[in-house]
Enquirer: 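Take a look at the following structure, please.
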Number of protein chains: 2
Amino acid sequence: MDPSSASLRPREPRRGRRTAVTLSDVAAAAGVSPITVSRALNTPETVSEVLRGRINATVEALGYVPNRMAGALASAKTRVIPVIVPSLSNVVFVEVIEGIQETIEAAGYQMLLGSTDYDLDREAALASTLLGWAPPGVLLAGLRHLPRTATLLKNADVPVVEFMEYGARCIDMNVGLSHVRAGAVMAAHLLERGYRRIGFVGTRMRDDYRARQRYEGMRRHIAEVGGASDILFEYPWGPGQEVGWHALADVLAADPQVDALFFANDEMAVGAVLRAQRDGIAVPGRVAVAGFNGLPMSALVTPALTTITSPRKEIGKQAATMLLSRINGTPPVQRRIDVGFVLEARSST
Amino acid sequence: MDPSSASLRPREPRRGRRTAVTLSDVAAAAGVSPITVSRALNTPETVSEVLRGRINATVEALGYVPNRMAGALASAKTRVIPVIVPSLSNVVFVEVIEGIQETIEAAGYQMLLGSTDYDLDREAALASTLLGWAPPGVLLAGLRHLPRTATLLKNADVPVVEFMEYGARCIDMNVGLSHVRAGAVMAAHLLERGYRRIGFVGTRMRDDYRARQRYEGMRRHIAEVGGASDILFEYPWGPGQEVGWHALADVLAADPQVDALFFANDEMAVGAVLRAQRDGIAVPGRVAVAGFNGLPMSALVTPALTTITSPRKEIGKQAATMLLSRINGTPPVQRRIDVGFVLEARSST
DNA sequence: CTGAAAGCGCTTACAG
DNA sequence: CTGAAAGCGCTTACAG
């Protein structure tokens, strides 16, 4: 017996491997080389019309679906962009995401969505995993991250846009609005209308630092102007409307001096208005109510809700546009964009 | 001159390639073979404690991030599961997605989210692209797809769960509820309370066939029972509350006989209730209002809204669980699950 | 316009 | 417990 025969025995195909149609299968069936098939698919104009037709027909006939991983590995290019947000159950992030999705899909990219549930450790883990897909860029919410997340992203050497709030220090690029200023503007509005004991109602204030920034902005403004006081109410997390619904009654019982409430978002503020309606509490007579975000619903309750509108979809579009221009080698016009906000003074204050 | 010298010249590195830290770099730095590094990372128990420690330290020191594409290509395994939904701006899908995310992340998988905007052509394109990432399974909303989408998914030879509605024919596995029955149940409720001219208000009824199924269920039930009539109102798409807000007044003007309205979802129904409040239209005295989904908000308006609660997060969890069990080789207990629904009869009807 | 060779960064058997 | 060889399915230069 030839002792080398064992090593000449053909190997078993790797276990569990799916026998999908491959580029070479198409090439063989069409009577061309694999590379020509690759070109017919990726840069059709570089292949003669005859071959192109034959190849496309074969692709159809065999139901060939290119393996993106092989392609991405060989070309060192992916068209999948990770987007990291704290939460999907908050409409605000969903609208930003829609802006991102529209923009990057139009440019032929896809979105890989990750949600951190407001946990910075999860954010770090997500960033690490997602970078393993060698993305052309990264979009993530917020300017506050763990040091190792920032290091990871800087080392990755890809464009990064941090969106949602606008601030002085960012990893690479930034688009959003100043939540501190938003809080101050709302405080100014409430003071101007004569309210003197102003409460801020939020949930998860430890993690939701943007809400905390709005509170800070409000607090500082009130302190600077003088003649009025503020108070912070933190509520356990729950569906916005339910939180607002319960908070209204509890707050008025706990601190009867309160004459205005600035809620962390419109959902909560709407819940408060609905509760006031049911219990016959006069808004703004007994207590003024204000929200944040400018959701359509805020205009429909009675009384219509005073709120601050943030251009959420616009934030998403701008973030994606900045990222894409950097991916394509043309630096964006600005590295940091303040999209601003609008105070909608309505009848609830 | 040696004419062969040209071909001996070392090649340039491929253009654009990022010089990231690679598995071999770690191996060289740690003084072991690449495969040992791979094992230390993926199956730590198969590597001696000494080497494991040295390798982990080197990984840290070099900031190594494994290239998932190379890994996936070599092992023919990905841990990214595509999830295809019609829309992200509908809370309902977001809650299903949250259920999916929680479940698959706990099992070490990630979600690749695609939104079709209720367009079946986009769905087909998405399915094709996402299958190119050789996923271990696919989750998609709905039972209605283009023939080529179904073919694609069947040929891919991976487990597939269609979620949202429950029905007789599915590609592979199915979890959801019967929207036809939900419509019939609501019709029965409205008839029982004495309403005789029942309107259904929806948007995008051509694409949102689940809403259409609810209308069909309602219509047929009314026809079967007799003594009452139905009418369908279709409204241009927009934010739910705004649509309901406008619809209420328009419908009552267009068809004054209408004494009950079943809206395609709670947002619209809430909008209608808010409009009724503002304009002093008695609900349910002048017109009864019902919604669908059982959002928290439905219980907070005055009058509280009659609606049908669907277990959305549960649908996501079940869908993910079924998929995972098939991925792991253990067929799920059931291939089709009807999660049911609950009628919440409240004071708006 | 078309193709043969090399390589992307990993993992899988197989062998010690 | 550790390693040398082969291969996953593509694309990139280079050469005709």
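What you are looking at is a predicted structure, and each value in this text was computed from that prediction instead of being measured. Just so it is clear, the values below take in all heavy atoms, side chains as well, and ignore hydrogens, waters and symmetry mates. Chain A is the first sequence line, chain B the second, and so forth, proteins listed ahead of strands; every chain is numbered from 1.
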Enquirer: Mapping Glu45(B) and Ala70(B) to their closest nucleotides on DNA chain D, which lands nearer the 5' end?
Expert: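 Looking at DNA chain D, the more 5' nearest nucleotide goes with Glu45(B).
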Enquirer: So does Thr22(B) get a side-chain nitrogen or oxygen closer than 4.0 Å to the phosphate oxygens (OP1/OP2) of dC10(C)?
Expert: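 Yes, because at least one side-chain N or O of Thr22(B) sits under 4.0 Å from OP1 or OP2 of dC10(C).
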Enquirer: Just so I know, are the side chains of Tyr64(A) and Leu23(A) near enough to count as touching, which here means a heavy-atom distance under 4.5 Å?
Expert: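 SC-SC contact between Tyr64(A) and Leu23(A) confirmed.
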Enquirer: Is there a donor-acceptor pair closer than 3.5 Å between any side-chain N or O of Asn328(A) and the backbone N or O of Leu324(A)?
Expert: yes
Enquirer: Is the phosphate of dC8(C) approached by Lys77(A) (side-chain N or O, under 4.0 Å from OP1 or OP2)?
Expert: no
Enquirer: Can you work out whether Val37(B) or Leu51(A) has the more 5'-proximal nearest nucleotide on DNA chain C?
Expert: Leu51(A)
Enquirer: Using Watson-Crick pairs (N1 to N3, plus N6-O4 or O6-N4) and G-U wobble pairs, both distances under 3.5 Å, which stems of at least 3 pairs involve DNA chain D?
Expert: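 Counting only runs of 3 or more consecutive pairs, the stems involving DNA chain D are C:1-3 with D:14-16, C:5-12 with D:5-12, C:14-16 with D:1-3.
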Enquirer: Assess whether a salt bridge exists between Asp172(A) and Arg326(A), defined as any Lys/Arg side-chain N lying under 4.0 Å from an Asp/Glu carboxylate O.
Expert: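 Judged by the 4.0 Å cut-off on N to carboxylate O distance, Asp172(A) and Arg326(A) do form a salt bridge.
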Enquirer: Rounded to whole Å, please give me the gap between CH2 in Trp133(B) and P in dG9(D).
Expert: 16 Å
Enquirer: Starting from P on dC10(C), measure out to CG on Asn42(B) and report it in whole angstrom.
Expert: 10 Å
Enquirer: Establish, with yes or no, whether the OP1 or OP2 oxygen of dT11(D) is under 4.0 angstrom from a side-chain nitrogen or oxygen of Ser38(A).
Expert: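 Checking dT11(D) against Ser38(A), a side-chain N or O does come within under 4.0 Å of OP1 or OP2.
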Enquirer: Would you confirm whether Arg52(B), through its side chain, and Pro44(B), through its main-chain N or O, come within 3.5 Å as a donor-acceptor pair?
Expert: yes
Enquirer: To the nearest Å, give me how far apart CG (Leu23(A)) and P (dG7(C)) are.
Expert: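 Taking atom P of dG7(C) as the reference, CG of Leu23(A) is at 20 Å.
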Enquirer: Looking only at atom types and distance, does a side-chain atom of Ser128(A) sit under 3.5 Å from a main-chain N or O of Ala124(A), one as donor and one as acceptor?
Expert: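 No, Ser128(A) side chain to Ala124(A) backbone: no donor-acceptor pair under 3.5 Å.
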Enquirer: Could you grab the distance from atom CD1 of Ile100(B) to atom CZ of Phe93(B), nearest 0.5 Å is fine?
Expert: 11.0 Å
Enquirer: It should be established whether Ser75(A) places a side-chain nitrogen or oxygen under 4.0 Å from OP1 or OP2 of nucleotide dC8(C).
Expert: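 It does not, given that no N or O in the side chain of Ser75(A) lies less than 4.0 Å from OP1 or OP2 of dC8(C).
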Enquirer: Heavy-atom count check: over 12 atoms from other residues, nucleotides or ligands less than 6.0 Å from Glu49(A) CD?
Expert: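 No - once you tally the heavy atoms of other residues, nucleotides and ligands closer than 6.0 Å, there are 12 at most.
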Enquirer: Let me know the distance between CD1 of Ile35(B) and P of dC10(C), rounded to the nearest Å.
Expert: 14 Å
Enquirer: May I ask you to say whether Glu165(A) pairs ionically with Arg144(A), meaning some side-chain N is under 4.0 Å from a carboxylate O?
Expert: no
Enquirer: What integer distance in Å separates Arg52(B):CZ from dT2(D):C1'?
Expert: 14 Å
Enquirer: If only side-chain N and O atoms of Thr36(B) are considered, is one of them under 4.0 Å from the OP1 or OP2 phosphate oxygen of dC1(D)?
Expert: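 The answer is no; no side-chain N or O of Thr36(B) sits under 4.0 Å from OP1 or OP2.
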Enquirer: Flag the pair Glu105(A) and Arg122(B) as a salt bridge only when some basic side-chain nitrogen lies within less than 4.0 angstrom of an acidic carboxylate oxygen.
Expert: yes
Enquirer: Starting from C1' on dT12(C), measure out to CZ on Arg39(B) and report it in whole angstrom.
Expert: 10 Å
Enquirer: Where the side chain of Val47(B) is concerned, which of dT2(D), dG9(C), dT11(D) is the nearest nucleotide?
Expert: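 The answer is dT2(D).
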Enquirer: Heavy-atom contacts under 4.0 Å between residues 54-68 of chain A and DNA chain C, which residues?
Expert: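 Of all residues in residues 54-68 of chain A, none places a heavy atom under 4.0 Å from DNA chain C.
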Enquirer: Starting from P on dC10(D), measure out to CG on Leu41(A) and report it in whole angstrom.
Expert: 9 Å
Enquirer: Would you kindly give the CG-to-P distance between Leu73(B) and dG7(C), to the nearest whole Å?
Expert: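 Going from Leu73(B) (CG) to dG7(C) (P), I get 17 Å.
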Enquirer: I need the Leu139(B) CG to Met111(B) CE distance, nearest 0.5 Å.
Expert: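 Those atoms lie 10.0 Å apart.
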